[in-house]
Amino acid sequence: MPRVLTFKVNIETGKQGPNEPVNFSFNGHTMPFDKVIGSNEPDAIFEGSFDVNSFAHSLTLVGPEKGKWEIDKIRVDYECEGEKPYVVNWGAVTLDETTEVNLWQDPPVPAFDV
Amino acid sequence: MNFIKRFFSGMKQKDEVSEPVKVETPVSEPTVTKSTAPETENAEGTGEGEIFADAPPAPRTVLHAPAVKQGLFPESSDGILIKAQPSPTGDQCMFTVNRVLMKDCSWYFDSFESAAESSLAESLFSMDDVETVLVCEATVTVTRKDKTLVDWTPLAKEIGAAIRNAVEDGQSLIADKIISTIPSEDTIREGIQKVIDEEVNPGVAGHGGQINLLAVKGNSVTIQMGGGCQGCSAADLTLKQGIHTSFRKAVPEVGAIFDETDHTAGLNPFFS
């Protein structure tokens, strides 16, 4: 597993959003984002990042404390030690107080043209 | 360091506020997947919840949103484009072509003889170091005989040129006799389920493992490893040398075998 230097999320909320602080969980530790722009209210876009500097076992976006959060799209930009920066996009998912959604994906396997 | 600092400062703030932590039990059963958080005993109802006010919150269910795949190739290209992706272990290399080679099914060639009349596989087996060839949709996965070599670049270029020539020639990439012998999905499912029940699962049960058949599409099968197999460091070896061999022996027409196990999410990995 690589050492994650930093990651940045861009989350598009659908018709239902809790409009409350957004937390992520890195290796089981729940934290708020740094450099937050926007919110998770309905039809809004939330952006946040965090300088992790640690090895990734798990990374999740934590659901709201109350109500539902309909997410249309999630984009995550990763910067890992010794790897080229890479981006992963996910589709729709709905979170609530009992759920979180995976945000971690290993760096892509290197490919070359032949 | 930043993460560690923030984690400990977060803990400190929590202590200063000293608000009681409410432990909630999930209202509904987990619907999609498993939790990565360790199982914790719920103190509610025992009276212990009041004593241990800092008890960890109930674990949440980890969902997996559908990943949006990025195209490997530019959409506006007419030429034959091929990308080579060696596996992290270096034992095989997958070649993705910007066109379909075998539609709705797949085929595993284990020898030069099995490649007869299939121009693509024949040309690949003419190379000394090619051991097996798997053709599935727009991909060709090749294993090599020399397991000590991890640099695929020279062989990958040869294979890429061979795939390009075979596609340009326009001949039958896969022999018609192969296509006609592929059984129905029900027959494949029945055969694979039988070998899982009678051979594979009794074998991995000794390690607390379990194999589930998730799907059959054409003659390609998707499995999931559970119990002690999930997160096990030997899962790749079990899959390739044990499960693949058993499946292909019992159902020779089986093509690609996909593993959809999330090995990072295991609650009970054998070697944890």
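Just so we're on the same page: letters track the sequence lines, and every chain starts at 1.
The existence of a salt bridge linking B/Asp129 and B/Arg144 is confirmed by a sub-4.0 Å separation between a basic side-chain nitrogen and an acidic carboxylate oxygen. Between B/Arg99 and B/Glu168, none of the side-chain N atoms (NZ, or NE/NH1/NH2) sits under 4.0 Å from a carboxylate O, so this pair counts as no salt bridge. Between B/Glu131 and B/Lys147 there is a salt bridge, with a side-chain nitrogen of the basic residue lying less than 4.0 Å from a carboxylate oxygen of the acidic one.
No donor-acceptor contact under 3.5 angstrom links the side chains of A/Thr30 and A/Asn23, judged on distance only.
When each of B/Ser87, B/Gly160, B/Ala67 is scored by its heavy-atom pairs under 4.5 Å with chain A, the top score falls to B/Ala67. Chosen from B/Ile82, B/Thr96, B/Thr153, B/Ile163, the residue pairing most often with chain A at heavy-atom distances under 4.5 Å is B/Ile82. Comparing A/Leu103, A/Ile71, A/Ile74, A/Val62 by how many heavy-atom pairs each has under 4.5 Å with chain B, the most go to A/Val62. Put simply, of A/Pro110, A/Gly28, A/Pro108, the one with the most heavy-atom pairs under 4.5 Å next to chain B is A/Pro110. With chain A as the partner, the residue from B/Pro88, B/Pro86, B/Ala161 showing the most heavy-atom pairs under 4.5 Å is B/Pro86.
Minimum heavy-atom separation, B/Leu124 to B/Ala162: CD2-CB, 3.9 Å.
The stretch residues 85-94 of chain A places A/Asn89, A/Trp90, A/Gly91, A/Ala92, A/Val93, A/Thr94 near chain B, each with some heavy atom under 4.5 Å from a heavy atom of that chain.
Checked against the 6.0 Å centroid threshold, A/Phe33 and A/Phe46 count as a close aromatic pair. Note: A/Phe24 and A/Phe50 meet the aromatic proximity criterion, with ring centroids under 6.0 Å apart. The aromatic ring centres of A/Trp104 and A/Tyr78 sit less than 6.0 Å apart.
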